[in-house]
Structures are given as C-alpha cells and as structure tokens.
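Proteins come first, then strands; the chains are lettered A, B, ... in the order of their sequence lines, and each starts at number 1. Because the structure is predicted, anything quoted here is derived from the model rather than measured.
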Number of protein chains: 2
Amino acid sequence: MPVARRLEDVALELFATQGFDETTVDELAVAGGVGRRTFFRYFPTKLDVVLGELDDGLAALAAVLRDEPGDDPVVAARAAFLAVNHYADAELPALRRRLGLIEDVPELAARATVRYRDWEQTLATDAAGRWGTDPASLRAQVFGRAVVASMRAVFSAWHGRPEADAAALGALVEEAFDALARGFSSP
Amino acid sequence: MPVARRLEDVALELFATQGFDETTVDELAVAGGVGRRTFFRYFPTKLDVVLGELDDGLAALAAVLRDEPGDDPVVAARAAFLAVNHYADAELPALRRRLGLIEDVPELAARATVRYRDWEQTLATDAAGRWGTDPASLRAQVFGRAVVASMRAVFSAWHGRPEADAAALGALVEEAFDALARGFSSP
DNA sequence: CGCTAAGCGGCACTCGGTGCCACCACCAGA
DNA sequence: TCTGGTGGTGGCACCGAGTGCCGCTTAGCG
C-alpha cells in the first residue's frame with residue numbers, strides 16, 4: 001500500500017475516534033510510520049487528508065460536462081453529477097466518514113467550499129456556453145453557485161439518512177435539479 | 001474611537017497595503033496601540049477583523065424575514081435581502097475593501113462560508129414555514145443554500161464592477177432572485 | 001565499486017491562538 | 001484616607017500547523 005493511501009486510512013480512523021482537532025499531525029505521522037516532515041510532503045495541510053479526492057471529482061465533472069450535448073445547462077449538469085457521483089456500495093462507508101467530518105468540523109467545511117469555487121466556475125462557463133452568454137454574467141454565475149450549493153444540500157441530506165444507499169443519492173440529485181429547473185416560486 | 005473600531009481600521013489598511021498573510025497579528029496590535037493578547041480579546045481570530053459584521057447582517061435578515069408576510073419564500077427573501085443590504089454611499093468603499101479581501105484571500109472566503117451556514121438555515125426554515133413543509137426537506141435546504149450562493153454571486157459581480165453604486169447592488173439582487181424564482185430551464 | 005539523485009526526516013524557526021497570572025485603574029464602603 | 005474588590009490589560013510561556021534547510025540513506029547506473 002502506498003504511503004499516501006496508508007496515511008489517509010490511519011488519519012480517517014484517528015479522526016473518527018479521537019476527533020479532528022484532537023489529532024495532531026505528529027500522531028498521524030507516527031501512526032502512518034513516517035516522519036512528521038514526510039507527512040507534509042504528501043499532504044500540504046492536515047485538512048487535505050480528508051479533502052484530497054475532491055479535485056479528481058472536478059476533473060471528472062468537467063470531462064463529462066464537455067461531452068454532454070444539448071442547450072439546457074440544467075439537463076447537462078444533472079447528467080454530469082449523476083455520472084460523477086456513481087459510487088460502488090463498497091465506497092459508501094468511506095464516503096460517509098468523509099462527509100461526516102466535513103459536516104462537523106467547521107474548518108473542513110470551510111476548506112471544502114474553497115475547492116468548490118472551481119466547480120462553480122466550470123458550471124457557470126458550461127451554462128454560458130449553452131445559453132450563448134458571458135460566463136461572467138450574473139445568471140451564469142448564479143447558476144454555477146446554486147448548483148454547487150444544491151449538491152452540498154444533497155450530500156448533507158444523504159448523510160443525514162443513515163440507511164440511504166447509492167440509489168438514494170441519485171434520487172436526491174434528481175430532486176435537487178428539478179427544483180433548480182422549475183424555480184422556487186411555482187408550487 | 002473604541003479599541004475594536006480602531007483595530008479594524010488599521011487592520012483593513014494594513015491588509016490592503018501589505019496583504020493579509022503578510023500582516024502578522026503583532027503588527028496589527030502594535031498599529032492599534034494594544035498588546036497582542038488584547039487583540040485576541042477583541043477578535044477571536046485574525047480573520048474576524050474582516051468578517052466581523054456578517055453576524056449583525058444575519059440578525060437583521062432573520063428579523064426582517066420574520067415580519068415579512070406572504071407564502072412565497074422567494075418574495076420574502078428578496079425583500080429581506082434588499083432591506084438588509086441597503087448601504088449608504090459612505091459605506092461603499094469599506095464594503096468594497098472587505099469584499100475584495102474575502103474574494104482573494106482563500107482563507108477568508110472559506111471562513112465566510114462557514115458564517116453563511118446560519119443564513120442558509122434561517123432561509124430554509126423560513127421557506128419551510130411558508131410552504132408548510134419540513135425545514136430539513138431537500139427542497140427547503142436547496143432553497144436556503146441556493147439563495148445564499150446567489151447572494152455571493154451578486155456581491156462578487158458588484159465588486160467586479162468598480163463603478164457600481166448602491167442602486168446597482170439592488171438591481172443585481174433583483175436579477176438573481178428572478179433567476180431563482182423562474183428556474184434555469186426556461187430561457 | 002563509486003557516483004549521483006531522490007526520498008526521507010530531523011531540527012529549528014515563524015505565526016496563529018490560548019491559559020495563566022501579575023499589574024493597574026477605578027470605585028465601593030468604612 | 002485606607003482597604004478591598006473588579007474589569008481591562010498585556011506579558012510570558014506554551015501548543016500545534018506549516019516551512020526552509022540540510023544531512024542521511026538507499027536505489028539505480030556507469
């Protein structure tokens with residue numbers, strides 16, 4: 001098992017049992033069998049042990065979005081999110097642990113939203129392309145940010161339902177995009 | 001001038017000239033004429049010097065929202081945001097400085113979004129009340145988060161237009177809420 | 001076998017943030 | 001006037017995250 005992977009495992013384990021703030025980088029390094037200095041070579045900050053995978057998701061999203069046809073950004077974004085968030089059952093427990101940490105540790109939630117900025121801009125640019133408008137236009141920006149915010153709501157809701165499976169996640173994504181498509185003034 | 005106010009002033013000044021990360025708390029304390037320890041009595045973190053006022057805004061929002069009649073949450077939220085974000089011309093330069101910092105210092109952007117969580121829940125609860133549904137329902141949660149995300153887009157857009165005044169801010173708020181009300185699938 | 005290059009990790013340092021405690025001013029009451 | 005709180009202050013020591021530097025080991029290669 002590669003060093004980074006092992007560090008990630010022991011870190012999530014320690015965070016789950018002791019808490020994030022109560023676990024020092026020294027402990028993580030010792031538990032992972034490396035020096036403290038080496039830990040920081042694999043992860044720029046302690047936060048990144050938890051958030052590491054988000055960037056891969058962005059790359060995947062951008063790729064799917066690029067190949068998605070049609071001129072309705074909502075349809076395209078929905079398809080992209082359904083494709084990207086297709087988890088195998090075996091991955092769900094780890095996903096739950098990560099989401100739990102991101103929910104309860106404010107510092108992690110904060111850092112996560114910084115990562116989401118790129119998602120927002122990717123979505124805004126895609127929408128602008130389909131609408132034939134400027135990516136910097138307010139409508140495109142509102143779209144990008146609202147979509148990401150909705151996905152946060154989806155993950156939060158999914159995490160709040162302990163028995164929800166991968167299919168339930170998809171259903172929530174559908175529901176969220178329906179709301180975005182129809183707007184909030186219609187009943 | 002009270003100590004907190006003075007610290008805030010010199011801090012924003014130093015941040016603007018030297019940069020946020022390049023300014024240490026020691027410098028802020030010296031510039032404000034207090035000890036480092038005293039600085040932390042007025043502001044729990046360095047970030048809070050910039051973000052301090054957000055909490056007042058939340059209280060104001062909640063108050064306006066509570067008194068707002070009608071059963072359309074979009075209408076109520078729009079009215080509330082227009083009321084809360086009514087700035088005098090003299091306040092605009094300070095607002096711009098703050099927004100600029102929040103925009104380009106990732107750590108500040110991150111911390112700001114944590115504050116926004118309360119706004120999101122306030123809006124979700126209000127919407128659920130008007131709809132007669134559960135505040136934890138996905139639709140209410142998506143609404144609350146989408147609204148806050150849209151307001152971030154509004155402030156970002158306003159900050160990006162150097163000549164925009166207070167009226168322009170109101171117009172952007174209107175435009176963003178129109179998008180949310182009508183949804184993103186309609187042209 | 002010797003050389004080099006890359007990963008590793010110890011060490012010392014900076015900075016944000018906290019707990020503790022001494023100091024000072026101000027104000028009460030005797 | 002003296003005395004005894006009391007709240008604001010800030011020095012001091014400490015912790016943990018993160019960084020630069022540098023010496024060490026080890027693997028690969030001529």
Side-chain angles (χ1 to χ4, degrees), chain A residues 1-55 98 101-102 104-115, chain B residues 1-55 98 101-102 104-115:
Chain A
M1 182 150 53
V3 185
R5 186 86 183 73
R6 194 174 65 227
L7 279 173
E8 220 171 291
D9 277 355
V10 298
L12 287 188
E13 187 57 35
L14 284 175
F15 290 161
T17 58
Q18 305 185 342
F20 181 82
D21 287 329
E22 290 69 29
T23 308
T24 69
V25 174
D26 287 83
E27 295 180 68
L28 298 182
V30 171
V34 303
R36 164 192 165 74
R37 196 64 187 77
T38 300
F39 173 91
F40 282 112
R41 257 190 211 93
Y42 285 98
F43 301 98
T45 70
K46 192 172 127 184
L47 301 163
D48 290 281
V49 186
V50 182
L51 302 177
E53 292 180 350
L54 289 180
D55 291 336
R98 267 175 217 273
L101 280 169
I102 294 176
D104 329 311
V105 181
E107 221 175 336
L108 280 168
R111 191 73 156 216
T113 61
V114 174
R115 306 288 193 92
Chain B
M1 183 149 56
V3 185
R5 185 88 183 70
R6 195 175 63 229
L7 280 172
E8 219 172 290
D9 277 355
V10 299
L12 288 189
E13 188 57 35
L14 285 175
F15 291 162
T17 58
Q18 305 184 342
F20 182 82
D21 287 328
E22 290 69 28
T23 307
T24 70
V25 174
D26 287 84
E27 295 181 71
L28 298 181
V30 170
V34 305
R36 165 192 164 77
R37 196 63 186 75
T38 301
F39 174 91
F40 282 113
R41 251 185 219 100
Y42 285 97
F43 301 99
T45 69
K46 190 173 134 184
L47 301 164
D48 290 282
V49 186
V50 182
L51 301 178
E53 293 181 348
L54 290 181
D55 290 336
R98 266 174 218 275
L101 280 169
I102 295 176
D104 16 87
V105 180
E107 220 174 335
L108 280 169
R111 192 71 158 219
T113 61
V114 174
R115 305 289 194 93

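Here the nucleotide nearest the side chain of B/R36, chosen from C/dG16, D/dT9, D/dG18, is C/dG16. Of all nucleotides listed (D/dT19, C/dT18, D/dG18), C/dT18 comes nearest to the side chain of B/R37. With C/dT18, D/dA17, C/dG9 as the choices, the nucleotide that has an atom nearest any side-chain atom of A/F40 turns out to be D/dA17.
Taking atom CG on B/D21 and atom C1' on C/dC15, their separation rounds to 11 Å, with Å as the unit. The distance from atom CG of A/D26 to atom C1' of C/dA12 is 14 Å, rounded to the nearest whole Å. Here the C1' atom of nucleotide D/dA17 and the CD atom of A/E22 are 15 Å apart, to the nearest Å. When the P atom of C/dC15 is taken as reference, atom CG of B/L14 falls 15 Å away, rounded to whole Å. As a whole-Å value, the separation of A/F39 CZ from C/dG7 P is 18 Å. Going from atom CD of A/E107 over to atom C1' of D/dG16 covers 11 Å, rounded to whole Å. Remark: C1' of C/dT14 and CD of B/E27 are 13 Å apart, rounded to the nearest angstrom.
Looking only at side-chain heavy atoms (C-beta outward), A/T45 and A/F40 stay at 4.5 Å or farther from each other.
A/R6 and A/G32 get closest at one heavy-atom pair: NH2-O, 2.8 Å.
If you take CD on A/E22 and CG on A/L14, they are separated by 12.0 Å, rounding to the nearest 0.5 Å. Atoms CD and CZ, on A/E8 and A/F15 in that order, are 10.5 Å from each other to the nearest 0.5 Å.
Positionally, the nearest nucleotide of DNA chain C for B/L47 lies more toward the 5' end than for the other of B/R41 and B/L47. Remark on DNA chain D: of its neighbouring residues B/G33 and A/T45, the 5'-side contact belongs to B/G33, judged by nearest-heavy-atom nucleotide.
Residue A/Y42 places no side-chain N or O under 4.0 Å from the OP1 or OP2 atom of C/dG7. Phosphate contact (OP1/OP2 of D/dG10, side-chain N/O of B/T38, threshold under 4.0 Å): present.
At a threshold of 4.0 Å, the pair A/E27-A/R36 does not count as salt-bridged, since none of the basic side-chain nitrogens sits closer than that to a carboxylate oxygen.
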